Colleague: 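Below are the structure tokens for one structure; questions will follow.
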Amino acid sequence: MHHDRLWLFIATLGYLASAGWGLYALGSQRPHSNRVTLGLIMAAFAFHTLFLHQRGEAIQHCPITNLFETLAFFSWSLVLTYLVVGPAYRMSILGAFTAPVVFLINFFALAAPIDLPGTLPHLGWQLELHATLALLGLGVLGVAALAGVAYLIQERQLKRHVLTSWFYTLPNVGRLELVQQRVLVLGFLIFSAGALLGFFIPHHGPDDWVKIAWSAVVWCLYAALVIVLALGRLSHKKTALLSVAGYVFILLTFWGINSLSEAHVFPHEG
């Protein structure tokens, strides 16, 4: 195991621990449990960041040059968004939903033979910023989807008049609605900025229509969610379902799209 991969491995174990503790927190109804979950995620995030920093120093690029690095950055952006949104809205308990997703992404990245060396593309600042903003936008959508999962759990319990310990631990539906609305708008703006920047990146060879088409689908999904929220055309339940479905679509297709993609066919060094 390379030295920088060791930090990602430790981070992944930290996310696993925070996922287990988060499930305990959901059932314990003890206020300190949420703080422990948040603390474990912050510690894991520190190792995760250290991995990205060391990998970036080693390759002298933003660490998004292969599928392994991109997945690690993808999961890192999800945690970063959670760390900004969760405590700000007193929703640290969402860590119980965030940590398992991040653990699974990182576990796949570490276990699959996708950390492949090769000739690095010439990554200018435009490409690095384009990719960074796009991945951060997906991370924000992930938090919106996780808030949607929490909303659906709460809404289902209210509808059936069956209140478990989760009902008293998770935020109320009103706060979850507010957070999802604000997070979706923020994520849409970030993702749109990243997508727009992609049109100004000089490159050679044919356009990478696989990645462009996939990004267009994601952008349309994002736009539809923001528009229906602004117009009030869909119930919060349906909006939550759509945000969850959209993020599941991204998780299921992200690997395949990046495998089929030619990474936008940028000129290579040397």
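As a basis for the values below, the full set of heavy atoms in this structure was taken, side chains included, without hydrogen atoms, waters or symmetry mates. Worth saying up front: this structure is predicted, and the values here are computed from it rather than measured.
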Colleague: Check whether any side-chain N or O of H236 sits under 3.5 Å from a backbone N or O of G174 as a donor-acceptor pair, and report yes or no.
Modeller: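 Such a contact is absent between H236 side chain and G174 backbone.
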Colleague: Is the closest side-chain heavy-atom distance between I10 and F51 below 4.5 Å?
Modeller: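 They are not in side-chain contact.
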Colleague: Say you draw a straight line from CG of L40 to CG of L16; how long is it, rounded to the nearest 0.5 Å?
Modeller: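 So the gap between those two atoms works out to 10.5 Å.
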Colleague: Got a second to check how far S215's OG is from L138's CG, nearest 0.5 Å?
Modeller: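 It comes to 8.0 Å.
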Colleague: Decide whether I227 and V183 are clustered together by the hydrophobic rule: side chain heavy atoms of Ile, Leu, Val, Met, Phe, Trp, Tyr closer than 4.5 Å, transitively.
Modeller: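 Looking at the clustering, V183 is in a separate group from I227.
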Colleague: Nearest 0.5 Å please: distance from the CG atom of L176 over to the CG atom of L146.
Modeller: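 One finds 11.0 Å between CG of L176 and CG of L146.
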Colleague: Please identify which of these residues, N106, L104, I105, meets the side-chain contact (heavy atoms from CB on, under 4.5 Å) condition with V102.
Modeller: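 Output: one option passes, namely N106.
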Colleague: Any side-chain heavy atom of I59 within less than 4.5 Å of one from E69?
Modeller: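 Yes - at least one pair of side-chain heavy atoms lies under 4.5 Å apart.
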Colleague: When hydrophobic residues are tied together by side-chain contacts of less than 4.5 Å, even through go-betweens, does L231 share a cluster with L241?
Modeller: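 In one cluster with L231: L241, no.
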Colleague: Hey, does the side chain of T98 reach the backbone of Y82 with a donor-acceptor pair shorter than 3.5 angstrom?
Modeller: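 No, T98 side chain to Y82 backbone: no donor-acceptor pair under 3.5 Å.
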Colleague: About how many Å separate CG of N172 and OH of Y151, when rounded to the nearest 0.5 Å?
Modeller: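 Answer for the OH-CG pair, Y151 versus N172, is 11.0 Å.
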Colleague: Which pair of heavy atoms, one from T12 and one from L110, lies closest together, and at what distance?
Modeller: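 Scanning both residues completely, I find the closest heavy atoms to be OG1-CD1, 3.6 Å.
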Colleague: A side-chain contact here means heavy atoms from C-beta on lying under 4.5 Å apart; do V217 and L221 qualify?
Modeller: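 They are not in contact (no side-chain heavy atoms under 4.5 Å apart), so the answer is no.
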Colleague: Closest approach of F97 and V149, non-hydrogen atoms and distance?
Modeller: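 That closest heavy-atom pairing would be CE2-CG1, 3.8 Å.
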Colleague: Could you walk me through whether T239 and Q180 pass the side-chain hydrogen bond (donor to acceptor under 3.5 Å, both in side chains) test, one step at a time?
Modeller: CA-CA 9 Å; T239 302; Q180 190 177 40; 6.0 Å; no
Colleague: For W76, run the ring-ring contact (aromatic ring centres under 6.0 Å, His included) check against W7, Y15, F45 and tell me which one passes.
Modeller: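 Among W7, Y15, F45, the one that satisfies the ring-ring contact (aromatic ring centres under 6.0 Å, His included) with W76 is F45.
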Colleague: Taking all atoms of both residues into account, what is the closest heavy-atom pair of A72 and H48, and its distance?
Modeller: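 Closest approach of A72 to H48, heavy atoms only: O-NE2, 2.9 Å.
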Colleague: Can R5 be said to sit on top of F68's aromatic six-ring, NZ or CZ under 6.0 Å from centre and within 45° of the ring axis?
Modeller: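 Flagged: R5 positioned over aromatic ring of F68.
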Colleague: In terms of ring plane angle, is the pair W214 and F249 parallel, tilted or perpendicular, where the classes change at 30° and 60°?
Modeller: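 Ring orientation, 0 to 90° scale: parallel.
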Colleague: Minimum heavy-atom separation for G22 and T37, please, with both atom names.
Modeller: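 Here G22 and T37 meet closest at CA-OG1, 3.6 Å.
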Colleague: Could you measure the distance from the CZ atom of R35 to the CE atom of M42? Nearest 0.5 Å is fine.
Modeller: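 Rounded to the nearest 0.5 Å, the CZ-CE separation comes to 13.5 Å.
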Colleague: Below 4.5 Å, heavy atoms only, C-beta onward: do R182 and V185 meet side chain to side chain?
Modeller: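 Of all side-chain heavy-atom pairs linking V185 with R182, none is under 4.5 Å.
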Colleague: Please list, one pair per line, the donor and acceptor atoms closer than 3.5 Å that link side chains of residues 189-196 to other protein atoms, with sequence neighbours excluded.
Modeller:
| unit_1 | atom_1 | unit_2 | atom_2 | d |
| --- | --- | --- | --- | --- |
| S192 | OG | F188 | O | 2.7 |
| S192 | OG | W219 | NE1 | 2.8 |

Colleague: Not counting sequence neighbours, list each pair that qualifies as a side chain to side chain donor-acceptor pair (under 3.5 Å) and has a residue in residues 132-144.
Modeller: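 Not a single pair qualifies under side chain to side chain donor-acceptor pair (under 3.5 Å).
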Colleague: Side-chain contact test, heavy atoms from C-beta onward, threshold under 4.5 Å: evaluate it for L78 versus F74 and give yes or no.
Modeller: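 Result no, sub-4.5 Å side-chain heavy-atom pair not found.
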Colleague: Might you point out which heavy atoms bring I41 and A99 nearest each other, and give the distance in Å?
Modeller: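 So the two residues come closest at CD1-CB, 4.2 Å.
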Colleague: Give the minimum heavy-atom separation between L141 and L184, together with the two atoms involved.
Modeller: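 Scanning both residues, the minimum pair turns out to be CD1-CD2, 3.8 Å.
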Colleague: Does any part of the side chain of F47, heavy atoms only, come nearer than 4.5 Å to the side chain of L8, both counted from C-beta?
Modeller: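 No, side chains not in contact.
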Colleague: Out of curiosity, E177 CD to S235 OG, how far, rounded to the nearest 0.5 Å?
Modeller: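 That separation rounds to 9.5 Å.
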